[in-house]
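Accompanying notes for the structure given below.
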Amino acid sequence: MTKVSNLGYPRLGENREWKKLIESYWSKKISQEELFAGAKALRNDFLKKQLNAGLDLIPVGDFSLYDQILDLSVQFNIIPKRFAREAADIDLYFSIARGSKDNVASSMKKWFNTNYHYIVPEWSKQRPKLTNTRLLELYLEAREIVGDRAKPVITGPITYVALSSGVEDFTAAVKSLLPLYKKVFKELTDAGAVYIQIDEPIFVTDEGADYLEAAKAVYGYFAKEVPQAKFIFQTYFEALIDAESLSQLPVAAFGLDFVHGLEENLAALKRGLFQDKEIFAGVVDGRNIWSSDFVKTAELLQTIKENAAEITVQPSCSLLHVPVTAKNETDLEAVLLNGLAFADEKLQEVKLLAEKLDGRESPAYREQISHFEALQAADFRNVELENLENVATERSSSFDKRRQLQQEKLQLPLLPTTTIGSFPQSQEIRRTRLAWKRGKISDEDYQAFINAEIERWIRIQEDLDLDVLVHGEFERVDMVEFFGQKLAGFATTKLGWVQSYGSRAVKPPIIYGDVQHVKPLTVRETVYAQSLTDRPVKGMLTGPITITNWSFERTDIPRRQLFDQIGLAIKDEIKLLEDAGIAIIQVDEAALREGLPLRKSKQKAYLDDAVRAFHIATSSVKDETQIHTHMCYSKFDEIIDSIRALDADVISIETSRSHGDIIESFETAVYPLGIGLGVYDIHSPRVPSKEEVVANIERPLHKLSPKQFWVNPDCGLKTRQEAETIAALKVLVAATKEVRQKLGN
């Protein structure tokens, strides 16, 4: 009988119970004991669901109270030096992630090319040691529920160190961790664990080629020291960087992604590289919400089976990246709903596929094929769209000419101040929006409430003396979902939540058909806000690449085609805003870097397609219209040419947690356009001092011209509290005025 396995289960819970539990602790509504009890109840529920789904191997250790990499940092004593005086408990754990009164939080970075963020480990000559027996405790807890199906999961030492900052000697850092991993593994095997999943996704990246010798040493050590364990060398998101070398590792099994790394991994398999190894075949897409093409996947599994010693069927990666269940999405039309597979449905799929491989084809299997075929044939995937030959794909004038015309029109001071777009969404805003959605208040009453919030925050911004204002986005739950609710070809879900970072959950829309602009998206609120003030108010849009990357995208057409469709839709909205007198329009591409393929060989095509789509959206405007964009944490030096090629008049960047490292990517000689480097961290509740903000403004001015520099927070302020937001923006404006005075302005 073919085994079925899972790599990880969503933490959030069907109704975001995990998020609510943790935030209740942060707000001191529950005690530490209640936090731990609630977490255990959720873990047990997740284990039971996977057991009932018929899994043979169920992950243990994938559950976290914030982030799995942070769990390892605390377990191994990789604690940032600035937190050394804080008591080693759950509050220290959260302080590293969120910051505290006295200390800034550790950096966050994207987990490879997903929308999940991990907390970057900070090495500073700490002596690694085991501070807890977390994984053993979780394993023993799980055995009480699922017995010997429990499969411990841990991020491997090479990936962990590769994703760290402050590592002076990579080899020494990895070596210092090996006795700790050994102890963890021996505790697990002594307690009865057989399979142990070690996640090493660094080995699907180009960087992974630098660590092949380290892999031989590390896994040779584990095989020698813990011979009774069946180690699964688990990778995902791409193919192995060097299958020939890695296939020689002394491990029992390899977990390979046959969705996003299909061609290379399958070719390696057919070459006979894994014929004496067990293959954990990731054939069900763990990152998207579409049901599998059972006909193709069954053929693929047969090929894998013929080229491996043994096969286990599983998703391509942890199901952390998809919502929990599609059973609640009853408002979606049947042809779409039947084509969806969230986490619970994906577990059913791996079971059905394993049965098919064993020669058993159930009615549910045949029904799945019928649903898949119906979705591909649907009318909404065959719409006639605007001809791109008639659309401008570059601005009509150079940036120097545009800047002069824009300054004449806008009359902005040196170092203009602004925010990224959103303001705090209070409980009152959320309650009112929910009441409106449930039909308890009228459209007119809801719009009056939104208008009142817009006016209140326009006055707050004027009182703060910000130079360029925003309407606050109070009508929007999310910067992508909002557009998904108004563009044709998109669907939004009731409970399709996924974790982005910490307790931050997002509900990505589903791009299921051809995308079209069918009605105004943002004009009403933006024009109303502009009518209240003489200062410019930015129109706030999300760009085509970010909308795609932060949605569950359709996979039946090339991504380039999808980018272009959304670019056309955003172009139509920009035209409406411009015609309504809006002089500054921000088209956020927060996730442009996030979608970058992990392999350099595939990156240029993606970036070219991204720049093209941004140009389709923005190039039709007048020279006097100032186009802004915003991007989140990235290795900007890798994509600086493409960022410059966007030709946005102003770009704002999330940089405060990078401690200035990003500035070098944007030296004047390299990036001549307008730029705002975030001067304080909005992901932390702390209010920065004026001295901090002054330093964060002045540091980049050593390399950037004051004429091109804007002052702004790191990101949108939706998740912050009102009092801390106003206090922080007061500091931002005061610091800017101090720097202007120093510059003689």
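When a residue number appears, it is its place in the shown sequence, counting from 1.
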If we ignore hydrogens and angles and just use 3.5 Å, is the side chain of [X] paired with the main-chain N or O of [Y] as donor and acceptor?
{"X": "Asp358", "Y": "Thr2", "value": "yes"}
{"X": "Asn288", "Y": "Glu553", "value": "yes"}
{"X": "Asp206", "Y": "Ala209", "value": "no"}
{"X": "Thr205", "Y": "Pro201", "value": "no"}
{"X": "Glu122", "Y": "Ser165", "value": "no"}
{"X": "Asp89", "Y": "Asp91", "value": "yes"}
{"X": "Glu34", "Y": "Ser31", "value": "yes"}
{"X": "Glu200", "Y": "Thr159", "value": "yes"}
{"X": "Tyr606", "Y": "Arg559", "value": "no"}
{"X": "Glu345", "Y": "Phe342", "value": "yes"}

Once rounded to the nearest 0.5 Å, what's the spacing between atom [atom1] of [X] and atom [atom2] of [Y]?
{"X": "Leu47", "Y": "Glu144", "atom1": "CG", "atom2": "CD", "answer": "11.5 Å"}
{"X": "Asp257", "Y": "Gln234", "atom1": "CG", "atom2": "CD", "answer": "8.5 Å"}
{"X": "Ile158", "Y": "Ile198", "atom1": "CD1", "atom2": "CD1", "answer": "9.5 Å"}
{"X": "Leu256", "Y": "Ile232", "atom1": "CG", "atom2": "CD1", "answer": "11.5 Å"}
{"X": "Glu238", "Y": "Arg599", "atom1": "CD", "atom2": "CZ", "answer": "4.5 Å"}
{"X": "Ile22", "Y": "Glu17", "atom1": "CD1", "atom2": "CD", "answer": "12.0 Å"}

Of all heavy-atom pairs between [X] and [Y], which one has the smallest distance, and what is that distance?
{"X": "Val120", "Y": "Ser106", "answer": "O-CB, 4.0 Å"}
{"X": "Ala281", "Y": "Ile304", "answer": "CB-CD1, 3.9 Å"}
{"X": "Val259", "Y": "Ser316", "answer": "CG2-CB, 3.9 Å"}
{"X": "Pro323", "Y": "Val498", "answer": "N-CG1, 3.5 Å"}
{"X": "Phe233", "Y": "Leu240", "answer": "CE2-CD2, 4.4 Å"}
{"X": "Gly192", "Y": "Arg143", "answer": "O-NH1, 3.8 Å"}

When you compare the side chains of [X] and [Y], does any donor N or O come within less than 3.5 Å of an acceptor on the partner?
{"X": "Gln50", "Y": "Asn6", "answer": "yes"}
{"X": "Gln68", "Y": "Ser64", "answer": "no"}
{"X": "Lys110", "Y": "His117", "answer": "yes"}
{"X": "Asp67", "Y": "Tyr501", "answer": "no"}

Students often mix this up, so state it plainly: with edges at 30° and 60°, are the rings of [X] and [Y] parallel, tilted or perpendicular?
{"X": "Trp18", "Y": "Phe63", "answer": "perpendicular"}
{"X": "His321", "Y": "Tyr116", "answer": "perpendicular"}
{"X": "Tyr9", "Y": "Phe46", "answer": "tilted"}

Reference residue Tyr195; test side chain to side chain donor-acceptor pair (under 3.5 Å); the match among Arg149, Lys151, Glu278: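 By the side chain to side chain donor-acceptor pair (under 3.5 Å) criterion, Tyr195 pairs with just one of Arg149, Lys151, Glu278: Glu278.
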Evaluation steps, ring-ring contact (aromatic ring centres under 6.0 Å, His included), between Tyr221 and Tyr181: CA-CA 10 Å; Tyr221 173 86; Tyr181 275 91; 9.9 Å; no
What pairs meet the ring pair (Phe, Tyr, Trp, His ring centres under 6.0 Å) rule with one or both residues in residues 143-172, with sequence neighbours excluded? Phe170-Tyr211
Side-chain ion pair, Glu638 and Lys600, N-O less than 4.0 Å: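 Salt bridge flag = no for Lys600 with Glu638.
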Could Arg287 and Phe237 be counted as a cation-pi pair, given that NZ or CZ must be under 6.0 Å from the ring centre and within 45° of the axis? yes
Got a sec: does the CD of Gln275 have more than 12 other heavy atoms crowding it under 6.0 Å? no
Mark yes when over 12 heavy atoms from residues, nucleotides or ligands other than Lys175 sit less than 6.0 Å from its NZ; otherwise mark no.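 12 or below, so no.
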Stepwise side chain to side chain donor-acceptor pair (under 3.5 Å) check, Asn115 with Trp550: CA-CA 7 Å; Asn115 186 33; Trp550 285 355; 3.1 Å; yes
Could you check Tyr118 against Phe112 for ring-ring contact (aromatic ring centres under 6.0 Å, His included), going step by step and ending with a plain yes or no? CA-CA 10 Å; Tyr118 71 96; Phe112 295 86; 7.7 Å; no
Val194: partners by side chain to side chain contact (heavy atoms under 4.5 Å, CB included), with sequence neighbours left out: Lys230
